[in-house]
There are 2 protein chains.
Amino acid sequence: MKRTTIVDVGRLAGVSAKTVSRVLNGEPHVSADVQQRVRAAADTLDYHPNVFAQALVRRKSNMIGLVYENPSPSYVVELQRGVLERLTNERYRLVVIPIRSVQENASEVVGLLRSAALDGVVLAPPASDHPLILKQLHEARIFCARIAPTRMIDAAPSNLVDDVAAAREIAAYVIGLGHRDIAIIRGDATHPSSEARMLGYTQAFHQAGLELKFDRIEPGLFTFDSGLAAARHILARPDRPTAILSQNDDMAVGAMMAAREFGLSIPGDLSVVGFDDSEVSRITWPRLTTVRQPVFEMAVAATEMVIAQLEDRAPIARILHPHTLMIRESAATPRA
Amino acid sequence: MKRTTIVDVGRLAGVSAKTVSRVLNGEPHVSADVQQRVRAAADTLDYHPNVFAQALVRRKSNMIGLVYENPSPSYVVELQRGVLERLTNERYRLVVIPIRSVQENASEVVGLLRSAALDGVVLAPPASDHPLILKQLHEARIFCARIAPTRMIDAAPSNLVDDVAAAREIAAYVIGLGHRDIAIIRGDATHPSSEARMLGYTQAFHQAGLELKFDRIEPGLFTFDSGLAAARHILARPDRPTAILSQNDDMAVGAMMAAREFGLSIPGDLSVVGFDDSEVSRITWPRLTTVRQPVFEMAVAATEMVIAQLEDRAPIARILHPHTLMIRESAATPRA
DNA sequence: AGAGGGTATGACTGCGTTGACATAAGAAAG
DNA sequence: CTTTCTTATGTCAACGCAGTCATACCCTCT
């Protein structure tokens with residue numbers, strides 16, 4: 001009825017509990033003979049260490065958190081896949097911490113993290129940009145690594161992408177195709193990358209001598225539905241643009257659907273491009289031209305950063321991850 | 001430097017540690033005065049209980065696992081959303097346990113679960129159908145609730161869908177549209193629902209007096225890519241069918257893409273239907289006709305089942321969740 | 001042979017919390 | 001006015017493990 005403990009194993013193997021502990025933790029100074037006996041005993045008793053007792057005495061939980069506010073599902077999926085990838089065959093476990101709005105209750109969030117007793121956390125945007133969270137995490141001695149922060153880059157290990165340049169490049173690409181009247185669907189304005197991408201678009205416009213009109217910018221929330229709604233708004237106007245730049249892929253796919261509703265062919269009547277290169281961008285027809293952010297790789301790297309800190313290895317301060325323009329079929333030269 | 005403990009709080013409040021514990025756990029027999037003092041002290045010291053010490057003595061971790069083998073991402077996302085939904089404002093945390101192949105290392109999986117010290121787990125298919133896992137989970141006294149099991153229904157709380165009926169209905173719908181030459185893309189054969197859905201299709205065929213030819217059944221793996229490949233194979237033949245039944249939505253979307261590659265219009269030249277009503281089915285063009293499985297709701301219910309067991313409430317043995325034919329635009333009457 | 005040093009092992013204690021039990025004081029009952 | 005019950009609080013041990021220190025032994029070197 002009772003759990004089998006390290007003491008039971010010791011009794012069966014004829015050694016003290018401490019020796020069992022030594023064997024099981026691979027400490028030196030245990031004779032080969034005893035090692036064998038202990039392992040055999042542990043095996044026959046089907047012994048599993050009590051992780052809480054370990055955590056209590058070692059002051060380490062072997063749990064890592066993934067903190068995200070709910071942007072697009074595809075983004076979160078990639079993120080989580082990356083973290084889990086790095087955690088495979090490690091002793092760390094992943095605890096998922098979805099939060100509502102970092103803005104509103106940052107302090108509460110840290111309370112949550114602390115009471116979860118995590119060793120470290122991977123912070124997705126926009127939590128990765130929040131000063132208070134960073135500060136309190138530090139005070140609570142919880143290691144962290146950040147995904148795509150835009151501010152205070154050196155406050156904690158960071159995985160960066162050049163949102164501005166990426167946005168500039170894809171906008172320049174669309175302009176280069178010959179589009180002159182281009183609308184934009186923004187993401188959630190509370191996400192800092194939204195600002196950065198906006199800036200990149202603007203730069204491309206200016207370099208091409210184009211003007212970015214305010215009434216061509218439609219707000220969105222990084223979700224399919226918000227993209228659909230925004231695009232409907234854009235396309236309902238008599239002077240509709242020939243191209244739409246969407247700040248992420250989910251919204252771009254929404255825009256494609258809106259175009260279909262208006263009987264417009266893509267890319268014939270309307271070019272649409274996204275941002276992220278998430279899963280959905282490859283399964284639509286036509287496939288979505290977008291700019292790839294290596295979310296999966298960033299998540300792997302962020303997890304590595306957390307582990308490195310936990311295991312006292314040389315910390316990695318920051319990595320700049322490359323972006324790639326993914327030219328597919330959803331954007332083309334506008335019809336004359 | 002040291003963590004603040006319950007003892008520190010007691011000292012500040014002028015009471016014993018035990019009394020602090022009582023207050024913080026809402027036990028009776030504490031005077032209002034003391035309650036206030038203790039709470040104030042805990043507050044000023046920014047005290048947070050050590051969850052490991054609690055877990056150690058209470059023999060309860062407040063962690064719930066979600067065990068899944070990687071079927072389609074959209075399915076997993078829904079599942080996880082559901083679990084998290086139910087866990088909001090609860091003290092339980094979610095630990096994600098992705099596994100490679102339940103078939104190959106079921107025993108290892110349970111070792112994993114046990115060493116994770118979870119209070120309970122939600123088992124997604126195909127793990128939910130594995131006798132050994134169920135047995136060992138029981139032995140390890142880890143509560144569980146199952147999503148869509150097909151066998152040993154009463155061995156543990158189960159959330160059921162009538163896969164057979166659902167598959168029969170959507171097949172009958174397609175047949176009813178006038179299709180006579182229909183191909184099928186199967187899911188991973190190790191998932192029991194694949195078998196069940198196959199059976200449903202077969203029943204519909206027989207009821208309509210149609211024959212289900214083996215060479216019209218193409219194997220898949222529940223992924224977009226496998227659906228794409230399967231459909232390419234199907235459509236490359238000179239005698240191509242007028243409709244495709246796919247055992248899930250991801251593969252159906254793959255089939256839609258294959259159709260486009262062959263220059264076929266949907267539903268004009270080819271009808272495609274899926275299964276699940278996952279996110280993707282609403283964002284494709286045309287939108288995918290499918291049969292809805294309430295995955296989210298099942299996950300919520302399964303989590304509720306786990307919690308009910310943990311908190312000694314009346315256990316819920318099983319729920320049969322309704323399916324719904326979602327008629328959208330990807331299937332239509334075949335061209336004469 | 002004795003000193004010094006490494007190796008192999010065990011006894012004891014503490015990690016922070018709660019459960020079981022003890023105690024004290026006041027309230028109710030006889 | 002004693003007895004019993006209830007309320008309010010404290011003391012102590014235990015949860016299962018690893019860290020610290022002690023001990024016993026076996027080498028090697030002088």
Side-chain angles (χ1 to χ4, degrees), chain A residues 1-39 41-42 45-63 91 114-119 140-141, chain B residues 1-39 41-42 45-63 91 114-119 140-141 310 312:
Chain A
M1 205 76 274
K2 281 171 64 76
R3 273 193 66 126
T4 77
T5 76
I6 207 170
V7 180
D8 303 320
V9 177
R11 194 157 31 228
L12 182 58
V15 296
S16 76
K18 177 66 213 190
T19 300
V20 175
S21 169
R22 272 193 269 259
V23 173
L24 267 27
N25 291 303
E27 291 173 32
H29 308 313
V30 183
S31 71
D33 171 47
V34 168
Q35 292 214 20
Q36 279 205 337
R37 290 210 323 267
V38 168
R39 285 192 200 290
L45 292 179
D46 191 25
Y47 168 77
H48 291 263
N50 181 318
V51 291
F52 305 117
Q54 291 184 325
L56 183 58
V57 67
R58 290 177 172 158
R59 299 159 170 286
K60 216 178 150 222
S61 68
N62 288 340
M63 296 194 305
R91 64 174 176 291
R114 185 186 306 190
S115 72
L118 302 168
D119 288 342
R141 285 172 193 68
Chain B
M1 203 81 276
K2 281 169 64 76
R3 274 192 65 126
T4 77
T5 77
I6 206 169
V7 181
D8 303 321
V9 178
R11 192 156 32 226
L12 182 59
V15 296
S16 76
K18 178 66 213 191
T19 299
V20 176
S21 170
R22 272 193 269 259
V23 173
L24 267 26
N25 292 301
E27 291 174 34
H29 308 314
V30 183
S31 70
D33 170 46
V34 168
Q35 292 213 21
Q36 278 205 337
R37 291 210 323 267
V38 167
R39 286 193 199 290
L45 294 179
D46 191 26
Y47 168 76
H48 289 264
N50 181 318
V51 290
F52 305 117
Q54 291 183 325
L56 183 59
V57 66
R58 290 177 172 160
R59 297 159 172 285
K60 218 179 148 221
S61 67
N62 288 340
M63 296 194 305
R91 64 174 177 291
R114 184 185 308 187
S115 73
L118 302 167
D119 288 342
R141 284 172 195 68
L310 287 175
D312 252 348

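The chains referred to below are lettered A, B, ... by the order of the sequence lines, with proteins before strands, and numbering in each begins at 1.
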query: Starting at the 5' end of DNA chain D and moving along, which residue's nearest nucleotide shows up first, A:Leu56 or B:Asp33?
result: B:Asp33
task: Indicate the atoms forming the closest heavy-atom contact of B:Ala42 with B:Val9, along with that distance.
output: N-CG1, 3.7 Å
task: Please determine, for the side chain of A:His29, which listed nucleotide (C:dT17, D:dC15, C:dT7) has the closest atom?
output: C:dT7
field: Of all pairs that satisfy salt bridge (Lys or Arg N to Asp or Glu O under 4.0 Å), the ones with a partner from residues 14-36 of chain A, not counting sequence neighbours
entry: A:Asp33-A:Arg37
query: Where do A:Tyr47 and A:Thr4 come nearest, in terms of heavy atoms and distance?
result: CD1-O, 3.5 Å
- prompt: Between B:Asn50 (CG) and D:dG16 (C1'), how many Å, whole number?
  reply: 14 Å
message: If you compare every side-chain N and O of A:Arg3 against the phosphate oxygens of D:dC15 (OP1, OP2), does one of them come in below 4.0 Å?
response: no
message: Between P on D:dC17 and NE2 on A:His48, what's the gap in Å once rounded to a whole number?
response: 12 Å
task: Mind calculating the distance between CZ (B:Phe52) and C1' (C:dG16) to the nearest angstrom?
output: 12 Å
task: Measure from CZ on A:Arg37 to C1' on C:dA8 and round the result to the nearest Å.
output: 12 Å
- prompt: By side-chain contact (heavy atoms from CB on, under 4.5 Å), which residues pair with A:Ala55, not counting sequence neighbours?
  reply: B:Phe52
message: Can you tell me if B:Ser16 touches the phosphate of D:dG10, counting only side-chain N or O atoms and a distance under 4.0 Å to OP1 or OP2?
response: yes
- request: Measure from CG on B:Asp8 to P on C:dC15 and round the result to the nearest Å.
  value: 11 Å
message: How close do A:Val51 and B:Ala117 get, counting heavy atoms only, and between which atoms?
response: CG2-CB, 3.4 Å
message: Walk along nucleotides 18-28 of chain C from 5' to 3' and tag each nucleotide B, S or - by protein heavy-atom contact under 4.0 Å, base first, then sugar-phosphate.
response: SBB--------
- prompt: Does the side chain of A:Ser31 get closer than 4.0 angstrom to OP1 or OP2 of C:dT7 through an N or O atom?
  reply: no
query: Looking only at side-chain N and O atoms, does B:Thr19 come under 4.0 Å of OP1 or OP2 in D:dG10?
result: yes
message: Checking B:Gln35 now: which residues fulfil side-chain contact (heavy atoms from CB on, under 4.5 Å) with it, not counting sequence neighbours?
response: B:Val23, B:Val30, B:Arg39
field: Set of side-chain hydrogen bond (donor to acceptor under 3.5 Å, both in side chains) partners for A:Ser31, sequence neighbours left out
entry: none
- line: Residue set satisfying side-chain hydrogen bond (donor to acceptor under 3.5 Å, both in side chains) with B:Asp119, at least two apart, ordered chain then number -> B:Ser61
Pairwise salt bridge (Lys or Arg N to Asp or Glu O under 4.0 Å) hits with a residue in residues 5-15 of chain A, at least two apart: A:Asp8-A:Arg11
- line: Per-helix bend value, the helix from C:dA1-D:dT30 to C:dG30-D:dC1, C1' rotation axes over five pairs per end, 10° rounding, shows 40°
